[in-house]
> 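There's a structure below that I have some questions on.
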Amino acid sequence: MSQRTFSIIKPDAVRKGDTGAILAEITKAGFKIVAIKKISLSKAQAEGFYHVHAARPFFGELVEFMASGPIFPMVLEKDNAIADLRKLMGATDPAKADEGTIRKMFASSIGENAIHGSDAEDTAAFEIGYFFAGLELK
Ligand code: CMP
């Protein structure tokens, strides 16, 4: 069944000029891009997005990084989108990511790992609503 997920091309990938190549992998894998934009987050906006990780030791570093430059948040759609995007992204740590995954190809470390993807339906709904208004999601 068709499903929507949320993804971000992170500041490291945007800085390196990998946005187009990552979007190509996503569309080749059968995802439809429902919405996409380029924005820069303030630290407070990055903290709000990653609030579930607030107690983690790496939270400060994560927020600093996500506010360090422009990102491309996007909404993607296909059958089984949430699980399929996680598979296409590969493991959080690029050193552990399978060949052919986006993190294997474009990420440099566990912190600077090129792409984010929602991990469940409830987080996808929160994350889509954090970045996009209903009118942008037709
Ligand atoms: P993401 O899928 O965007 O969700 C939470 C992020 O926290 C994760 O990707 C990583 O980029 C980051 N993260 C997870 N573990 C660590 C870590 N040990 N050190 C720094 N960042 C981390």
Side-chain angles (χ1 to χ4, degrees):
M1 213 182 66
S2 188
Q3 184 183 53
R4 287 182 177 186
T5 190
F6 176 78
S7 182
I8 298 177
I9 300 179
K10 294 188 179 185
D12 56 326
V14 178
R15 266 193 290 275
K16 286 184 202 153
D18 289 334
T19 302
I22 292 173
L23 287 175
E25 294 298 325
I26 288 170
T27 52
K28 253 191 282 171
F31 291 88
K32 177 182 153 204
I33 300 173
V34 176
I36 185 166
K37 59 187 164 189
K38 185 185 189 189
I39 59 164
S40 297
L41 293 180
S42 67
K43 279 198 217 169
Q45 289 168 333
E47 280 171 8
F49 178 71
Y50 278 120
H51 72 277
V52 293
H53 296 301
R56 304 282 188 96
F58 57 80
F59 185 62
E61 194 185 316
L62 174 61
V63 165
E64 192 83 32
F65 167 62
M66 289 302 288
S68 71
I71 59 171
F72 285 88
M74 59 191 154
V75 177
L76 303 173
E77 186 173 282
K78 81 184 278 297
D79 288 352
N80 207 28
I82 294 172
D84 284 2
L85 182 66
R86 304 273 300 179
K87 228 181 285 166
L88 178 65
M89 293 192 313
T92 307
D93 181 353
K96 297 181 183 146
D98 290 339
E99 283 303 326
T101 62
I102 290 174
R103 284 171 171 158
K104 180 73 178 185
M105 290 186 273
F106 301 105
S108 47
S109 67
I110 193 165
E112 306 211 350
N113 62 358
I115 188 167
H116 166 83
S118 305
D119 62 0
E121 273 186 39
D122 57 341
T123 45
F126 164 76
E127 292 173 358
I128 290 169
Y130 196 79
F131 281 93
F132 292 97
L135 282 173
E136 297 174 286
L137 298 170
K138 296 208 170 177

> Over all heavy atoms of both residues, which pair between F132 and P73 is shortest? Give the atoms and the distance, please.
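It is CZ-O, 3.5 Å.
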> Using the ring-ring contact (aromatic ring centres under 6.0 Å, His included) criterion, which residues pair with F126? Sequence neighbours excluded.
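For F126 the ring-ring contact (aromatic ring centres under 6.0 Å, His included) partners, ignoring immediate neighbours, are H51, Y130.
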> Taking all atoms of both residues into account, what is the closest heavy-atom pair of A21 and F106, and its distance?
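Reported closest heavy-atom pair: CB-CZ, 3.7 Å.
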> Taking the side chain as every heavy atom from C-beta outward, state whether I9 and D18 have any atom pair closer than 4.5 Å.
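A side-chain contact under 4.5 Å is absent here.
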> Any heavy-atom pair between the side chains of K10 and N113 that's under 4.5 Å?
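Side-chain contact under 4.5 Å: yes.
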> So, for A114 and A13, which heavy atoms are closest and what is the spacing to 0.1 Å?
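Taking every non-hydrogen atom into account, O-CB, 3.8 Å.
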> Shortest non-hydrogen contact from S118 to A124?
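Distance-wise, the nearest heavy atoms are OG-CA, 3.4 Å.
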> Please determine whether residues M66 and V75 belong to a single hydrophobic cluster, defined as Ile, Leu, Val, Met, Phe, Trp and Tyr linked transitively by side-chain heavy-atom distances below 4.5 Å.
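Yes, because M66 and V75 connect within a single hydrophobic cluster, where side-chain heavy atoms sit under 4.5 Å apart.
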> Quick check against the 3.5 Å criterion: does S7 have a side-chain atom that pairs as donor or acceptor with the backbone of H116?
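Checking the backbone N and O of H116 against the side chain of S7, a donor-acceptor pair under 3.5 Å is found.
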> If I compare all heavy atoms of L88 with all of A29, which pair ends up nearest, and what's the gap?
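In this case the closest contact between L88 and A29 is CD2-CB, 3.8 Å.
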> Using side-chain contact (heavy atoms from CB on, under 4.5 Å), reason through R103 and T92 one step at a time and then give a plain yes or no.
CA-CA 8 Å; R103 284 171 171 158; T92 307; 4.0 Å; yes
> To the nearest 0.5 Å, how far apart are OG1 in T5 and CD1 in I82?
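Output value for this atom pair is 5.0 Å.
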> Do you reckon M89 sits in the same ILVMFWY cluster as I22, going by side-chain contacts under 4.5 Å, direct or chained?
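Result: yes, single cluster for both.
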> Enumerate, atom names and distances included, each donor-acceptor pair closer than 3.5 Å involving a side-chain atom of residues 33-45, sequence neighbours excluded.
| residue | atom | partner | partner atom | Å |
| --- | --- | --- | --- | --- |
| K37 | NZ | F131 | O | 2.5 |
| S42 | OG | Q45 | N | 3.0 |
| S42 | OG | Q45 | OE1 | 3.3 |
| K43 | NZ | E64 | OE1 | 3.4 |
| Q45 | OE1 | S42 | N | 2.9 |

> Enter the distance from I26:CD1 to K32:NZ here, rounded to the nearest 0.5 Å.
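The CD1 atom of I26 sits 15.0 Å away from the NZ atom of K32.
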> Could you grab the distance from atom CD1 of I115 to atom OG1 of T19, nearest 0.5 Å is fine?
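Those atoms lie 10.5 Å apart.
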> Where do D79 and S2 come nearest, in terms of heavy atoms and distance?
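That would be OD1-N, 3.3 Å.
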> Is there a path from M105 to F72 through hydrophobic residues (I, L, V, M, F, W, Y) whose side chains come within less than 4.5 Å of each other?
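Both belong to a single hydrophobic cluster.
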> Is a donor on one side and an acceptor on the other found under 3.5 Å between the side chain of R4 and the backbone of L137?
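Yes.
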> Is any NZ, NE, NH1 or NH2 atom of the basic residue among D84 and K87 found under 4.0 Å from an Asp or Glu carboxylate oxygen of the other?
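Salt bridge: yes.
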> Is it true that F49 and I71 fall in one hydrophobic cluster, defined by side-chain heavy atoms closer than 4.5 Å?
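Yes; tracing contacts between hydrophobic side chains, which count when under 4.5 Å, links both residues.
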> Give a yes or no on whether E121 atom CD has more than 12 heavy-atom contacts from other residues, nucleotides or ligands under 6.0 Å away.
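Atom CD in E121 is not crowded, with 12 or fewer foreign heavy atoms closer than 6.0 Å.
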> If you apply the rule side-chain contact (heavy atoms from CB on, under 4.5 Å), what do you find for S68 with R15, and how did you get there?
CA-CA 10 Å; S68 71; R15 266 193 290 275; 3.2 Å; yes
> Answer yes if the ring centres of F65 and Y50 are under 6.0 angstrom apart, and no otherwise.
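Between F65 and Y50, the centre distance exceeds or equals 6.0 Å.
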> Show the numbers, then the answer: is there a side-chain contact (heavy atoms from CB on, under 4.5 Å) between D98 and K104?
CA-CA 6 Å; D98 290 339; K104 180 73 178 185; over 6 Å; no
> Is there a chain of hydrophobic side chains (I, L, V, M, F, W, Y, each step under 4.5 Å between heavy atoms) that links I102 to M74?
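Yes; M74 is reachable from I102 via cluster members.
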> Please confirm whether the backbone N or O of V63 pairs with a side-chain atom of E47, one donor and one acceptor, at under 3.5 Å?
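Absent.
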> For F58, does its backbone N or O pair with a side-chain atom of E61 as donor and acceptor, under 3.5 Å?
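Flag not set: sc E61 to bb F58 has no pair under 3.5 Å.
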> With rounding to the nearest 0.5 Å, note down the distance linking CG in L85 to CG in D119.
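Reported value, rounded in 0.5 Å steps: 11.5 Å.
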